[in-house]
Amino acid sequence: MKKILAVIMAVVLVTVCFAACGTKNNEVNKETTYSIADAYAAVKFEPAEISGDDYDYIKSNGKLIVGITDFEPMDYKDENGNWIGFDADMAYAFAKWLGIDVEFVEIDWDNKVLELDGKSIDCVWNGMTLTDEVKSAMECSNAYCNNAQVVIVKAADADKYNTVEACKELTFAVEAGSAGEEIATENGFKATAVKDQATTLMEIKSGTCDAAVIDKLMAAAMVGEGTNYADLTYTVDLNSEEYGVGFRKGSELADAFNNFLKQATDNGFIEVVAEQYGVQASLIK
């Protein structure tokens, strides 16, 4: 595997930079360059062989419409307004494998199932936790990343709020319809639902809320030294969970993605993309 990764990187690192600078653990190495298009071209994928109504529908439109929110390091915009991130780059590659284009649409996370069933989008691919509710409403892929929901507080208060019981006196901001909202409710936290996870951090900074519950992968990229939220940190891991991609119920594209995912794991492609955004330790092998 190491030899395969070395060959891929040797090809990728001579290309024009596609992804803009991230932050902290997912910061792009300025001494190298990276292009998702060239990373894809550097490896071998077996051709996609798919049949079914949902695939025919998407193929006829010529694009895969991906529902996302602003969620660094999975989906976020570079300085030119292009969507980048681990999930965004993998979605680009999956669409390429399908022989179509990709389009990203920002959605209200609480309405993701309605957007999917109404065909405003074709899949939900945004660090989505595979909860029982999600799995019952969507045709879900195999898991590709490990994650957890964590408590975010001001760094100065970290020692005071490092247990679930201590955190119960705080007021929380959570993303509406998210795993964070669900786990906050389970733990008896006083929580206010907001638009997305990025907004939860702004709520703490503005003093509207004391704390937030967000994905650990996002926390690693968005809070602490070297970020825009240097005065925030994360303390308690509230659970453990896995990320997957959601398609319309009964869609054959979930199995197609599982095929793509296995190939991307075997040929080293997924690890190259993961290393670009600092999420390689969370990959499910």
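Here, residue 1 is the first one in the sequence, and each next residue gets the next number.
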Trp109 and Phe71: aromatic ring centres closer than 6.0 Å?
-> no
Could you tell me whether a side-chain N or O of Asp101 sits under 3.5 Å from a main-chain N or O of Lys63, the two making a donor and an acceptor?
-> no
Centroid-centroid distance, Tyr40 to Phe45, less than 6.0 Å = yes
Should Cys145 and Leu283 be marked as a side chain to side chain contact (heavy atoms under 4.5 Å, CB included) after you check the CA-CA gap, both sets of side-chain angles, and the distance that decides it?
-> CA-CA 5 Å; Cys145 260; Leu283 289 179; 4.1 Å; yes
Counting heavy atoms not belonging to Glu133, are there more than 12 under 6.0 Å from its CD?
-> no
Find out whether Phe86 and Ile270 are in side-chain contact, i.e. whether some heavy atom of one side chain is under 4.5 Å from a heavy atom of the other.
-> yes
Minimum heavy-atom distance between Ala221 and Thr227, given as atom pair plus value = O-CG2, 3.6 Å
Measuring from Thr131:OG1 to Glu242:CD, what's the distance to the nearest 0.5 Å?
-> 12.0 Å
Joint hydrophobic cluster, Ile65 plus Leu253, side-chain heavy atoms closer than 4.5 Å = no
Could you tell me which non-hydrogen atom of Ile50 sits nearest to which non-hydrogen atom of Ala256, and how far apart they are?
-> CD1-CB, 3.6 Å
Same hydrophobic cluster for Met90 and Ile36, using side-chain heavy-atom links shorter than 4.5 Å among ILVMFWY?
-> yes
Quick one: are Ile284 and Tyr144 in side-chain contact, heavy atoms under 4.5 Å?
-> no
Heavy-atom donor-acceptor pair, Asn82 side chain to Asp78 backbone, under 3.5 Å | no
So CG of Asp196 and CG of Asp70: to nearest 0.5 Å the spacing works out to 6.5 Å
Looking at side-chain heavy atoms only, is the closest gap between Tyr161 and Val151 below 4.5 Å?
-> no
From Lys195 NZ over to Met202 CE, what is the distance, rounded to the nearest 0.5 angstrom?
-> 8.0 Å
Would you say Asp231 has more than 12 foreign heavy atoms packed within less than 6.0 Å of its CG?
-> yes
Under 3.5 Å, is there a donor-acceptor pair between the side chain of Glu252 and the main chain of Asp54?
-> yes
Taking NZ, NE, NH1 and NH2 as the nitrogens, is one of them in Arg248 or Asp122 under 4.0 Å from a carboxylate oxygen of the other?
-> yes
Nearest non-hydrogen partners of Asp237 and Ala148, listed with the distance | OD2-CB, 4.3 Å
For the residue pair Ala184 and Val174, what are the closest heavy atoms and their distance?
-> CB-CG1, 4.0 Å
Test item: Glu181 side-chain N/O and Gly177 main-chain N/O as donor-acceptor pair under 3.5 Å = yes
Verify, without hydrogens or angle tests, whether Lys112 (side chain) and Met128 (backbone) share a donor-acceptor contact under 3.5 angstrom.
-> no
Between the side chain of Asp215 and the main-chain N/O of Leu217, is any donor-acceptor distance below 3.5 Å?
-> no
Applying side chain to side chain contact (heavy atoms under 4.5 Å, CB included), run through Phe172 and Thr200 and close with a yes or a no.
-> CA-CA 8 Å; Phe172 282 81; Thr200 67; over 6 Å; no
Considering residues, nucleotides and ligands other than Lys249, do more than 12 of their heavy atoms fall under 6.0 Å from its NZ?
-> yes
Could you tell me the separation between the CG atom of Asp157 and the OG1 atom of Thr235, rounded to the nearest 0.5 Å?
-> 10.0 Å
So Phe257 and Trp125, would you call those rings parallel, tilted or perpendicular, with 30° and 60° as cut-offs?
-> perpendicular
In one Ile/Leu/Val/Met/Phe/Trp/Tyr side-chain cluster, 4.5 Å: Phe189, Leu201 | no
Under 4.5 Å between any side-chain heavy atoms of Val273 and Tyr34, yes or no?
-> yes
If Ile, Leu, Val, Met, Phe, Trp and Tyr residues are connected whenever their side-chain heavy atoms lie under 4.5 Å apart, and connections chain through other members, are Leu130 and Met218 in the same group?
-> no
What are the two closest non-hydrogen atoms of Ala158 and Thr233, and how far apart are they?
-> CB-CG2, 3.8 Å
Check for a donor-acceptor pair, side chain of Asn239 on one end and backbone N or O of Gln149 on the other, with a separation under 3.5 Å.
-> yes
Salt bridge or not for Lys168 and Glu165, using N-O below 4.0 Å?
-> yes
Minimal heavy-atom distance between Gly246 and Leu116, with the atoms involved, is O-CD2, 4.1 Å
Could you walk me through whether Asp210 and Val153 pass side chain to side chain contact (heavy atoms under 4.5 Å, CB included), step by step?
-> CA-CA 7 Å; Asp210 302 319; Val153 295; over 6 Å; no
Is a side-chain donor-acceptor pair under 3.5 Å present for Gln276 with Asp89?
-> no
Aromatic Tyr229 / basic Lys205 pairing, under 6.0 angstrom, 45° off normal = yes
Measure the CD-CD distance between Glu175 and Gln197 for me, rounded to the nearest 0.5 Å.
-> 5.0 Å
Pair Asp87, Tyr277: side-chain N/O donor-acceptor within cut-off below 3.5 Å | no
Kindly indicate whether the side chain of Ile204, heavy atoms from C-beta on, has any atom under 4.5 Å from the side chain of Lys154.
-> yes
Between Ser141 and Asn258, is any side-chain donor less than 3.5 angstrom from a side-chain acceptor?
-> no
Is a side-chain donor or acceptor of Lys59 paired with a backbone partner of Leu98 at a separation under 3.5 angstrom?
-> yes
How many angstroms lie between atom NZ of Lys190 and atom CD of Glu169, to the nearest 0.5 angstrom?
-> 7.5 Å
Applying side chain to side chain contact (heavy atoms under 4.5 Å, CB included), run through Phe104 and Val102 and close with a yes or a no.
-> CA-CA 7 Å; Phe104 298 101; Val102 66; 3.9 Å; yes
Do we see a donor-acceptor contact under 3.5 Å between the side chains of Asn147 and Glu241?
-> yes
Going by distance alone, is a donor N or O of one side chain under 3.5 Å from an acceptor N or O of the other, for Thr208 and Ser206?
-> yes
When hydrophobic residues are tied together by side-chain contacts of less than 4.5 Å, even through go-betweens, does Val223 share a cluster with Met74?
-> yes
Residues passing the side chain to side chain donor-acceptor pair (under 3.5 Å) test with Ser51, sequence neighbours excluded, are none
Taking Trp97 for the side chain and Glu46 for the main chain, is one N or O donor matched with an acceptor at less than 3.5 Å?
-> yes
